[in-house]
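Notes to accompany the following structure.
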Protein chains: 2
Amino acid sequence: MQKTISPQTLRRLPAYLHYLRVLLKKGAVNISATMIACELNLNDVQVRKDLALVSGSGRPKTGYEIKNLISDIEHCLGYGNGDRAVIIGAGELGCALLTYEGFTEYGIDIVAAFDIDRSMKDTTMNGKQVFSVEKLPAVCSERKINIGIITVEAKDAQKASNMLVENGVMAIWNFAPVHLAVPDHVLVQNENLGSSLVILSKQLANKLGTDQNS
Amino acid sequence: MQKTISPQTLRRLPAYLHYLRVLLKKGAVNISATMIACELNLNDVQVRKDLALVSGSGRPKTGYEIKNLISDIEHCLGYGNGDRAVIIGAGELGCALLTYEGFTEYGIDIVAAFDIDRSMKDTTMNGKQVFSVEKLPAVCSERKINIGIITVEAKDAQKASNMLVENGVMAIWNFAPVHLAVPDHVLVQNENLGSSLVILSKQLANKLGTDQNS
DNA sequence: TAGATTGTTAATCGATTAACAATC
DNA sequence: TAGATTGTTAATCGATTAACAATC
């Protein structure tokens, strides 16, 4: 039985993976937790603990073998599991995600985007297909889609969510600023870009305020 | 002196604000922390503690007056401070953010997008301007830009970051999967969409695994 | 008054960091 | 061997939750 990985650790693993791949490309063979921690602004013990959860390939004096560590993290994150996702909402944001290349780094394939505008003509963007939503059931069953991404307007998000759930999707990445009602077996991760930006803005205000006081 | 707000609380405030506005639109006047907690899947004491940090308008038996609470949270988050942002990288993602309407809800104005392709002709998208990067200094000083959003490729991100810093930007929202080197006084928030999606995918795998074991 | 709800103090929980032992 | 680095155990820190007092 694999040890469970805390949400905090899970958020750091992709960052380790990315950095290790950069190192490998540069021709490095080994890396110490201290170096990784320094590069990513983390505590070195924390890095060691995170890596111990997924690897066990660390050796005193030499550190970790980069190649092994990469494949251990990939394995942990499910790289190669063949996860496939579809997007509902082929507006600006949906199309941006459809053609975004950063998902392949983690082994996830965005198969196609759909638009709830049923009159929409099927088309292609950068080699990826955009369909009217009528084709959703066929694509979901043929391509075994397990992840759905919602980029429609708030008012249409629940409908989009229902369609995804009906077609067997188990996890939803929701960019619409609404709380989705889904069955217990479905996982929802909300991504609110407005809220992310306002957090940054507030942190900036805090920083400026503190600087003035000091 | 205002009490400092923890990062965790800060992440929940925009969600409260959004829900309160929905309630106000529906004609509601008062709301209890218990109700908010229920709607957003949070603990009610946590909600009360969060709100106590920004408001103080809660009254036993009746709860909080929605109008007051909204303006207290808005004030805390800096709504009305007139934060202005620019985007560097007018590709798919940059343009999607440029025309995304969810930022105005939190009082942040995306002024324009720039592309590092210097030969690019100035243009307009949904009423927002897209410029060649040469115009960045002028826009930053004229419009007092304090936030920069980076949506260029990884290899160009450091250059984009330097330009923003040189032009007085104090906070950077970075969508490129690289660690940016910036002076101490500049705040960076990294947003890695690939990593967000792989986290969801892993959580799904965990969930399926656990269900099978039980 | 009684009951609902806030706000605060104390207890719990989990994550981070520090200290140190193990090992190559 | 000595020194660098891992891995683990204990201490600290912060956030969440529980219990309860205050109040309208």
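Throughout, a chain's letter reflects where its sequence line sits, starting with A, and its residues are numbered from 1. Keep in mind the model is a prediction, meaning the values are calculated, not measured.
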Just to verify, which of A:Arg84, A:Lys128, A:Lys144 counts as forming a salt bridge (charged side-chain N to carboxylate O under 4.0 Å, His left out) with A:Asp109?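 With A:Asp109 as partner, A:Arg84, A:Lys128, A:Lys144 yield a single salt bridge (charged side-chain N to carboxylate O under 4.0 Å, His left out), made by A:Lys128.
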5'-most contact on DNA chain C: A:Arg12 or B:Leu51, nearest heavy atom basis?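 Nearer the 5' end of the strand: B:Leu51.
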Could you check which of [options] has an atom nearest any side-chain atom of [X]?
X       : options                : value
A:Lys61 : D:dA18, D:dT5, D:dG3   : D:dG3
B:Thr34 : C:dC24, C:dT6, D:dT6   : C:dT6
B:Ser6  : C:dC24, D:dA15, D:dC24 : D:dA15

Value in whole Å for how far the [atom2] atom of [N] lies from [atom1] of [X]:
X       : N      : atom1 : atom2 : answer
B:Gln8  : C:dC13 : CD    : P     : 18 Å
A:Leu69 : D:dT5  : CG    : C1'   : 15 Å
A:Asp50 : D:dT8  : CG    : C1'   : 15 Å
A:Ile66 : D:dT5  : CD1   : C1'   : 15 Å
A:Arg59 : D:dG3  : CZ    : C1'   : 16 Å
A:Glu65 : C:dC24 : CD    : C1'   : 15 Å
A:Leu53 : D:dT6  : CG    : C1'   : 14 Å
B:Asn30 : C:dT6  : CG    : C1'   : 13 Å

Considering all heavy atoms of both residues, which atom of A:Ile73 and which atom of A:Leu51 are nearest to each other, and what is their separation?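 That closest heavy-atom pairing would be CD1-CD2, 4.3 Å.
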Where do A:Val54 and A:Leu13 come nearest, in terms of heavy atoms and distance?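 The pair with the smallest heavy-atom distance is CG1-CD1, 4.1 Å.
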Considering only heavy atoms and no angle criterion, is a donor-acceptor pair shorter than 3.5 Å present between the side chain of B:Lys49 and the base of D:dT17?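 Checked by distance alone, the answer is yes.
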What is the base-pairing partner of [N], counting Watson-Crick and G-U wobble geometry with both distances under 3.5 Å?
N      : value
C:dC24 : D:dG3
D:dA19 : C:dT8
D:dG14 : C:dC13

Between A:Arg21 and A:Tyr79, is NZ or CZ placed under 6.0 angstrom from the six-membered ring centre and within 45° of the ring axis?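 Yes, a cation-pi geometry holds between A:Arg21 and A:Tyr79.
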Below the 4.0 Å mark, does [N] have OP1 or OP2 next to a side-chain nitrogen or oxygen of [X]?
X       : N      : result
B:Arg11 : D:dA15 : no
B:Gln46 : D:dT16 : yes
B:Tyr64 : D:dC24 : no

If you define the side chain from C-beta out and look only at heavy atoms, does anything of A:Ser196 sit under 4.5 Å from B:Glu191?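 The answer is yes, as the side chains (C-beta and beyond) meet within the 4.5 Å cut-off.
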So what does A:Arg48 touch, heavy atoms closer than 4.0 Å: a base, only the sugar-phosphate, or nothing?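 Touches a base.
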